[in-house]
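Below is one structure, written out as structure tokens; the observations come after it.
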Amino acid sequence: MKQSTICGETFMSLSCLYLLIGSCFLIVFPDTSVAQDYPDKPVTMVVAFGVGGSADRMARAMSTTVSEELGQPIQVINKMGAGTLLGANYVLGQPPDGYTVFANTFSPYLLNTILEGNAKYTVGDFAYINFQWFDEDLIALYQGSKFRDLPELIQGIRDKPKTIKASVVRGSAGHLMAKLLLEVSGIPQENLNLVTYNSGGQARAAVAGGVVDFIVISATGSETIREYIRPLAIVSHEANDEWNAPSINEALKPLGVSVPVLPGSARGFATTAEFKHQHPERFNILVSAFQRALQDEELQRQLKRSDIGSRWTGPEESEKIMETSFTIFKDYSYLLKL
């Protein structure tokens, strides 16, 4: 009887031990079976711009290596229109299951659809995987312009209303910066003949051909027109040696004014916040796939050859960038309505 009791106690102890081990396993590896099943079918990568644009090139360049990391094909499709509003709504309308990834220039375009485009979503409706491509804005003159520096240009806008033209991409950070320069200098907005385009290519062609006097646009994409322009300043806290351009507020010092330094374009990938909330383990699998892809040396070389950014920023920092950018654009969005 005693031995039986002892044996019974011993058996119960082992059972408890097995249960304890099992419980620990579940705690350490929650939803493992679900995570291992994902992904089990092709993933769609939605680009909010047309084929051949910066976000599209980034998405297609990344898709092959990310596909290899996920073990499933990735189909890149384009849902362009309304300043990325159509693409954003399309992504939010898909099932929150992790089979739709959003490729976009989130700052400033997603911000503008919220502030100016009557979007029903918020910055927090998206879960940012990684922002990998940043591009500061360049202020540059047409090569044949008579102006020598930024203060002279601004003085010319003040002294000769409506005679100086500039080109920008509608709703971009460059668009807002062109207006901020007038605002802080106390110059009426109507003094500048500001021409807005829907693409960077059109805006750059205008300054390269001398149709406008200057441009405010992303620096990286302006490499193709380098020989036709003269840099005046970079919209950054630091000077840019590559363009031999002073920082924007250093260039403005002779005028005794300064501007808030707007973040340039921030391109990357996201999913919906609803997906992250419902399937955190799947979201982590996506994040890890993108992170490992950017560690691939061949992909890094390919991105560099194509002048595509390849930085690992991560979900948390990418989210902070969006929140900060949204605050700045919200504070000054009234200028885009003038």
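What you see below is based on every heavy atom in this structure, not just the backbone, and it leaves out hydrogens, waters and symmetry mates. All values reported here derive from a predicted model rather than from experimental measurement.
In this structure, E223 places its CD atom where more than 12 heavy-atom neighbours from other residues, nucleotides or ligands lie under 6.0 Å away. Within 6.0 Å of CD on Q202 lie more than 12 heavy atoms contributed by other residues, nucleotides or ligands. Heavy atoms of other residues, nucleotides or ligands lying less than 6.0 angstrom from CG of D40 number more than 12. Under a cut-off of 6.0 angstrom, the local environment of CG in D241 is sparse, with at most 12 non-hydrogen atoms contributed by other residues, nucleotides or ligands.
Looking at every heavy atom in both residues, I308 comes nearest to Q132 through CG2-NE2, 4.2 Å. Closest approach of K41 and Q72 over heavy atoms only: C-OE1, 3.3 Å. Nearest heavy atom pair, residue N130 against residue G314, reads OD1-N, 2.8 Å. The two residues I328 and V261 have their closest heavy-atom pair at CD1-O, 4.3 Å. For the pair L232 and A251, the tightest heavy-atom approach, listed with the atom from each and the gap, is O-CB, 4.2 Å. Listed here is the closest heavy atom pair of G50 and N78: C-ND2, 3.5 Å.
Defined by atom type and a distance below 3.5 Å, a donor-acceptor pair is missing between the side-chain atoms of S288 and Q291.
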query: Does the salt bridge (charged side-chain N to carboxylate O under 4.0 Å, His left out) test come out yes or no for R292 and D296, once each step is laid out?
result: CA-CA 7 Å; R292 290 196 303 273; D296 184 274; over 6 Å; no

message: Between V216 and M177, does the side chain to side chain contact (heavy atoms under 4.5 Å, CB included) criterion hold? Intermediate values first, please.
response: CA-CA 7 Å; V216 189; M177 180 51 66; 4.1 Å; yes

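Here I217 contributes atom CD1 and L138 contributes atom CG; the two are 9.5 Å apart, rounded to the nearest 0.5 Å. Taken to the nearest 0.5 Å, the CG atom of L153 stands 8.5 Å off from the CG atom of L181. Note that CD of E250 is 9.5 Å distant from CG of L252, once rounded to the nearest 0.5 Å. One distance of note links OG1 of T100 with CE of M45; it measures 11.0 Å at 0.5 Å rounding. The NZ atom of K120 sits 10.0 Å away from the CG atom of L85 when rounded to the nearest 0.5 Å. The line from NE2 of H175 to CG of L194 is 5.0 Å long, rounded to the nearest 0.5 Å.
With sequence neighbours excluded, the residues that form a ring-ring contact (aromatic ring centres under 6.0 Å, His included) with F131 are F106, Y128. A search for ring-ring contact (aromatic ring centres under 6.0 Å, His included) contacts involving Y228 returns nothing, not counting sequence neighbours. Shown here are the ring-ring contact (aromatic ring centres under 6.0 Å, His included) partners of Y109, two or more places apart in sequence or in another chain: F49. Looking at residues two or more places apart in sequence or on another chain, you find no side chain to side chain contact (heavy atoms under 4.5 Å, CB included) involving E227. Partners of D135 by side chain to side chain contact (heavy atoms under 4.5 Å, CB included), not counting sequence neighbours, listed by chain and number: S218, A219, T220, S265, R267.
A single hydrophobic cluster is not seen to contain both Y90 and V51; linkage of ILVMFWY side chains at heavy-atom distances under 4.5 Å, directly or through other members, places them apart. Side-chain heavy atoms closer than 4.5 Å link hydrophobic residues (I, L, V, M, F, W, Y) into clusters, and following such links, possibly through other members, connects Y332 to I248. Hydrophobic clustering (side-chain heavy atoms under 4.5 Å, transitive across Ile, Leu, Val, Met, Phe, Trp, Tyr) keeps M80 apart from L86. Residues I77 and F102 fall within the same hydrophobic cluster, defined by Ile, Leu, Val, Met, Phe, Trp and Tyr side chains chained together at heavy-atom separations under 4.5 Å.
Shown are T163, I187, I164; of these, the side chain to side chain contact (heavy atoms under 4.5 Å, CB included) with L192 is made only by I164. Of the candidates N89, T113, T272, Y121 forms a side chain to side chain donor-acceptor pair (under 3.5 Å) with just one, namely T113. Screening F290, W133, F126, F283 for a ring-ring contact (aromatic ring centres under 6.0 Å, His included) involving F269 leaves a single residue, F290.
Pairs passing the side-chain hydrogen bond (donor to acceptor under 3.5 Å, both in side chains) check and including a residue from residues 302-321, sequence neighbours excluded, read Q300-S310.
Cation-pi geometry between R226 and W243 is satisfied (NZ or CZ under 6.0 Å from the ring centre, within 45° of the ring normal).
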